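Please read the structure below before turning to the comments.
No hydrogens, no waters, no symmetry mates; every other heavy atom, side chains included, goes into these values. Both counts, for ligands and for their atoms, begin at 1 and track the order of listing. Worth saying up front: this structure is predicted, and the values here are computed from it rather than measured.
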Amino acid sequence: MNHASENRGHGETSCPPIKETMDNRNDFETIIIGCGIAGASLAYFLAERGYNDVLILEREEQPGYHSTGRSAAVMAEIDLLPNVLQLKLKGAGFIRKPPAGFSESPLLEQSGVLAMYQGPKWDAARKLVPLLEQASVEFEMLSPSEVTIRMPVISPKHLDGAIYLPKDGIIDVHGLLWSYLRRARQRGVELRCGVEVQGIRVERGQCLGVFTNAGEFRSRKIVNAAGAWVGTIGKLAGAANIQFTPRRRTIIAFSAPDGLDVKGWPHVVNHSHEFYFGPESSGLLASPMDQDLVEPCDARPDDLVVAQTIERIEKLVPRLLPKSLKSKWAGLRTFAPDQDFVIGEDPLVRGFYWLAGQGGTGIVTSPAVGQIAADLIIHGSTDRMDARILAPTRFESR
Ligand SMILES: Cc1cc2nc3c(=O)[nH]c(=O)nc-3n(C[C@H](O)[C@H](O)[C@H](O)COP(=O)(O)OP(=O)(O)OC[C@H]3O[C@@H](n4cnc5c(N)ncnc54)[C@H](O)[C@@H]3O)c2cc1C
């Protein structure tokens, strides 16, 4: 079974049995709002350190319903944003080699990632080489003709060069999410689904609890891991006004052309022409890397964007032109104004923590982000990264 494909695409996620909390406790040391990959990873890393008096509240009936369940599941240790790259590198180590007993099967299908660039982006990508070497990332620099020799469906005219990452590939998002949750639950963390946070109790600048459709829960530490809704939750708390932008991204899945064995193909992304494709279950997936600004919502694919995807395929990899679609889905990638993540205690409301703005890399970075957030909640500091880069306080002086 291709585990990696199980959690790619809306509606494909089925929950393994995980017992929800049924007792009447309503007082916790920490409450996490949102059970996507961010909330789940934080719960795991808190519990690992014996900090298990934690309640996760999720509005939907199952974890991972929104962005987490709709990602392309790619682990690519390359990024033009240096802080995001740092977090990816840290996260990749865990995904490649999780602690013994963490998951029942490997979390990564090492099928490779081919990142292609043209023009100024190729100049910028080449500058990453020393960083990748320093981080011992395995990679190969490829010329346009070398790319075409390896993958004849790609024309050399749409790229100036590529970086091939043979040890990267597709993450088993389903396995990662549920491993975090299972291990956290085993250590005492509680999860309640179908519970929507509708208000936050703050007195004299200290948060004290949340109001929900299932009553009030008390806690002096509340973590905002609500994905596209982090801005809404921030407003409920009267916290710093950070202008997060949820952006929709669309993916289509279709059969590979007859006679073409795409199974061993890497995930291919053309950053300059905003297009990616790669193997998905028995066929292919593709995205026009759209990023339309939308209100937080249960995102659905837009017909125009689907048509745009087909146009990109026709222009960039015409041999792959689909006869029909097997499925299509969309999800939201949520960014802070400077595109760096927002992790740490709010400058206005004590005990209110942000775990937000993971954009399009929240799955691969989740092990790093979860550990950093756990450090900040438990100790108030971290030595894994310069916490000032991630701190919500950075928006204060703007
Ligand atoms: C199409 C697409 C492709 C992507 N591809 C990749 C990729 O290849 N690699 C990668 O690393 N990342 C990828 N990403 C990004 C990644 O999916 C996200 O960064 C990540 O899932 C964000 O996780 P999250 O937990 O913050 O958000 P979510 O998964 O959205 O979780 C937030 C949760 O909070 C809950 N919530 C919101 N408000 C409330 C409330 N009031 N009360 C209770 N619960 C609430 C929501 O119901 C939701 O379940 C992709 C994203 C998309 C959309």
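- Annotation: atom 34 (O) of ligand 1 to nearest protein heavy atom, G34 CA, 3.2 Å.
- Contact annotation for A330 and ligand 1: no heavy atom of the residue comes within less than 4.0 Å of the ligand.
- Every residue two or more places apart in sequence or in another chain that forms a side chain to side chain donor-acceptor pair (under 3.5 Å) with R96 is listed here: E77, D168.
- Shortest contact from atom 2 (C) of ligand 1 to any protein heavy atom: R70 O, 3.6 Å.
- Close approach of ligand 1 to S71 (heavy-atom distance below 4.0 Å) involves ligand atoms 2 (C), 3 (C), 4 (C), 5 (N), 6 (C), 13 (C), 14 (N), 17 (O), 50 (C).
- A distance of 12.5 Å separates CD1 of I31 from CZ of R220, quoted to the nearest 0.5 Å.
- For ligand 1, the atoms lying closer than 4.0 Å to a non-hydrogen atom of R249 are 1 (C).
- The cationic group of R350 does not satisfy the cation-pi geometry with F352, failing either the under 6.0 Å distance to the six-membered ring centre or the 45° limit from the ring axis.
- Taking 4.0 Å as the cut-off between side-chain N and carboxylate O, K263 and D261 do not count as a salt-bridged pair.
- Those atoms of ligand 1 with a heavy atom of T361 less than 4.0 angstrom away are 10 (C), 11 (O), 12 (N), 15 (C).
- Closest to atom 18 (C) of ligand 1, if we only count protein heavy atoms, is G359 O, 3.7 Å.
- Remark: minimum distance from atom 31 (O) of ligand 1 to any protein heavy atom is reached at G36 CA, 3.4 Å.
- Looking from atom 27 (O) of ligand 1 to the surrounding protein, the closest heavy atom is G227 CA, 3.5 Å.
- Checked by distance only, ligand 1 and R59 come closer than 3.5 Å through their nitrogen or oxygen atoms.
- Of all atoms in ligand 1, listed by their number and element, those nearer than 4.0 Å to a heavy atom of I233 are 41 (N).
- Contact annotation: for Q358 versus ligand 1, heavy atoms closer than 4.0 Å belong to both the backbone and the side chain.
- Salt-bridge formation is not detected for the pair R192/E58: no Lys NZ or Arg NE/NH1/NH2 atom is positioned less than 4.0 Å from an Asp or Glu carboxylate oxygen.
- Here A225 has backbone heavy atoms under 4.0 Å from ligand 1, and that is the only part of it that gets that close.
- Ligand 1 places these atoms under 4.0 Å from at least one heavy atom of I37: 23 (O), 25 (O).
- With salt bridges taken as basic N to acidic carboxylate O contacts below 4.0 Å, none links K121 and D123.
- Both tests do not hold together for R126 against Y117: distance to the six-membered ring centre under 6.0 Å, angle to the ring axis within 45°.
- Electrostatic pairing of E203 and R201 counts as a salt bridge here, judged by a charged N lying under 4.0 Å from a carboxylate O.
- The contact set between ligand 1 and A72, taken as ligand atoms under 4.0 Å from a residue heavy atom, comprises 3 (C), 4 (C), 5 (N), 6 (C), 8 (O).
- Among the atoms of A38, some N or O lies under 3.5 angstrom from an N or O of ligand 1.
- Backbone and side-chain nitrogen or oxygen atoms of I363 are examined, and one is located within less than 3.5 angstrom of a nitrogen or oxygen of ligand 1.
- With sequence neighbours left out, the side chain to side chain contact (heavy atoms under 4.5 Å, CB included) criterion links E311 to no other residue.
- Of the N or O atoms in G39, none lie within a sub-3.5 Å distance of an N or O in ligand 1.
- D292 has no carboxylate O lying under 4.0 Å from a charged side-chain N of R247, or vice versa, which leaves the two without a salt bridge.
- By the neighbour-count criterion of 12 heavy atoms within 6.0 Å, atom CZ of R49 is densely surrounded, having more than that number from other residues, nucleotides or ligands.
- Defined by atom type and a distance below 3.5 Å, a donor-acceptor pair is present between the side-chain atoms of S143 and E146.
- Residue contacts with ligand 1: E58 is placed with a nitrogen or oxygen under 3.5 Å of a nitrogen or oxygen of the ligand (distance criterion only).
- Taking only nitrogen or oxygen atoms, main chain and side chain alike, G331 does not reach within less than 3.5 Å of ligand 1.
- Screening F395, F335, W229, W354 for a ring-ring contact (aromatic ring centres under 6.0 Å, His included) involving F244 leaves a single residue, W354.
- Looking at atom 9 (N) of ligand 1, its nearest protein heavy atom turns out to be V74 O, 3.1 Å.
- Residue G360 has at least one N or O atom closer than 3.5 Å to an N or O atom of ligand 1.
- Residues D53 and K221 are not paired through a salt bridge, judged by the lack of any N-O separation under 4.0 Å between the basic side chain and the carboxylate.
- Comparing L57, T212, T68, V195 against atom 29 (O) of ligand 1, the shortest heavy-atom distance belongs to T68.
- Heavy-atom contacts from other residues, nucleotides or ligands closer than 6.0 Å to NZ of K326 number more than 12.
- Closest to atom 52 (C) of ligand 1, if we only count protein heavy atoms, is R333 CG, 3.7 Å.
- Using a cut-off of 4.0 Å between Lys/Arg side-chain N and Asp/Glu carboxylate O, E295 and R248 are scored as not salt-bridged.
- Listed by number with element, the atoms of ligand 1 under 4.0 Å from a non-hydrogen atom of E196 are 41 (N), 42 (N).
- Comparing S67, A40, G91 against atom 22 (C) of ligand 1, the shortest heavy-atom distance belongs to S67.
- The atoms of ligand 1 that sit less than 4.0 Å from any heavy atom of H66 are 30 (O), 46 (C), 47 (O), 48 (C), 49 (O).
- Considering only non-hydrogen atoms, atom 42 (N) of ligand 1 lies nearest to V197 out of V197, I251, T365.
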